[in-house]
Amino acid sequence: MSAPVKAFVIGHPIAHSRSPLIHGTWLETYGIAGSYEAIDVAPGALPDFIVALRAGAFAGGNVTIPHKETVFALCDEVDPLARRIGAVNTLVSRQGKVRGTNTDYLGFLGNLDQEAPGWDGARELAIVLGAGGAARAILVALAERGFSRIAILNRTADKARALADEMGPQFSGHALSGFADLAPRASLLVNTSSIGMHGSRFEDLPLDALPDTALVTDIVYTPLQTPLLAEARARKLRTVDGLGMLLHQAVPGFEAWFGTRPEVTAQLRERIEATLEH
Ligand code: ATR
């Protein structure tokens with residue numbers, strides 16, 4: 001019998017990560033004799049960790065803060081999507097090579113496809129709040145899905161404009177105050193900024209300017225019901241919370257390391273939800 005397959009999540013700190021519970025649940029569900037462990041790797045120790053990974057100590061794993069950008073240069077190959085996003089969150093070690101990819105992109109799409117089928121039917125305009133690292137995977141995903149205009153709104157408008165210039169011709173950058181003018185044509189509003197975490201809220205974001213058919217989604221999942229989602233629901237707009245993106249981004253990694261494509265089920269969601277701030 002071959003040795004159990006081993007995978008990891010590395011970060012610093014790492015204690016808060018829900019990934020061991022997600023992958024542990026799938027290992028149990030599918031009866032796979034593998035392991036998935038959280039390992040605290042300080043920035044200085046990352047190169048040595050990658051050497052061990054290349055030598056076959058693990059099948060691969062996830063990478064989180066603060067390593068998502070620095071791990072890039074340590075990979076033998078980085079796929080084009082992760083290159084465009086500018087961050088690697090998943091590693092696969094095969095035949096002495098470490099390959100980096102970014103699964104946040106698929107996590108975002110997988111969540112909306114499952115929770116709000118048809119969400120991408122109208123693709124005239126999507127509004128994305130925030131211009132940081134987390135925005136990038138979502139911007140690439142929306143462009144790939146064929147949105148003809150993607151407006152990036154950010155507290156620091158210059159950052160939004162610089163990111164829009166980098167991403168391509170269908171992107172534009174604006175201050176948050178641009179929301180009221182853009183909203184009437186938007187079919188999708190996505191928050192990628194850290195606003196909403198632990199209850200913080202956007203000031204002056206007039207959601208009533210959105211069409212009744214618009215979908216509002218947040219990538220923040222602590223708490224699950226952010227003030228933005230609560231307000232959208234109060235206005236009878238469709239909403240999707242951020243937990244599904246966390247679950248769906250884990251799918252491609254699990255499949256690559258353990259050879260089974262796992263499903264994001266209601267039971268998995270409940271199990272992870274029970275560990276979140278309410
Ligand atoms: P991440 O990698 O998680 O995206 P980040 O790169 O620090 O983190 O980006 C955080 C995002 O949240 C940025 O768009 C930031 O806006 P600025 O570019 O103006 O800093 C946004 N953000 C954080 N705190 C905010 C606040 N109090 N009001 C509005 N936007 C905020």
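Counting convention: from 1, in listed order, for ligands and their atoms alike. Counting begins at 1 with the first residue of the sequence.
Shown in contact with G130 at under 4.0 Å from a heavy atom are these atoms of ligand 1, numbered in order with element: 14 (O).
Among protein heavy atoms, atom 2 (O) of ligand 1 sits closest to G133 N, 3.2 Å. Distance from atom 28 (N) of ligand 1 to its nearest protein heavy atom, with residue and atom name: I195 CD1, 3.4 Å. Scanning all protein heavy atoms for the shortest distance to atom 10 (C) of ligand 1 gives S194 OG, 4.2 Å. What sits closest to atom 5 (P) of ligand 1 on the protein, heavy atoms only, is G132 CA, 4.0 Å. In this structure, the protein non-hydrogen atom closest to atom 3 (O) of ligand 1 is A134 CB, 4.0 Å. Given atom 20 (O) of ligand 1, the protein heavy atom at minimum distance is R155 NH2, 2.8 Å. N154 OD1, 3.2 Å is the protein heavy atom nearest to atom 16 (O) of ligand 1. The protein non-hydrogen atom at the shortest distance from atom 19 (O) of ligand 1 is T156 OG1, 2.4 Å.
Remark: the D218 side chain and the T226 side chain contain an N/O donor-acceptor pair separated by less than 3.5 Å. Side-chain N/O atoms of S148 and Q170 include no donor and acceptor closer than 3.5 Å. For the 3.5 Å distance criterion, the side chains of T156 and D158 fail to qualify, holding no donor opposite an acceptor.
Remark: of the listed residues Q114, R269, E263, R18, R269 is the sole one forming a side chain to side chain contact (heavy atoms under 4.5 Å, CB included) with L247.
In terms of N/O distances under 3.5 Å, ligand 1 is not approached by F202. Residue K159 places at least one N or O, backbone or side chain, under 3.5 Å from an N or O of ligand 1.
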Expected list for residues 129-144: side-chain donor-acceptor pairs under 3.5 angstrom, two or more places apart:
unit_1 : atom_1 : unit_2 : atom_2 : d
R136   : NE     : I85    : O      : 2.6
R136   : NH1    : E166   : OE1    : 3.4
R136   : NH2    : E166   : OE2    : 2.5

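Checked against salt bridge (charged side-chain N to carboxylate O under 4.0 Å, His left out), E115 has no partners two or more places apart in sequence or in another chain.
Looking at N102, its side chain never comes within 3.5 Å of a backbone N or O of N89 through a donor-acceptor pair. Between the side chain of W257 and the main chain of L91, a donor-acceptor pair closer than 3.5 Å is present.
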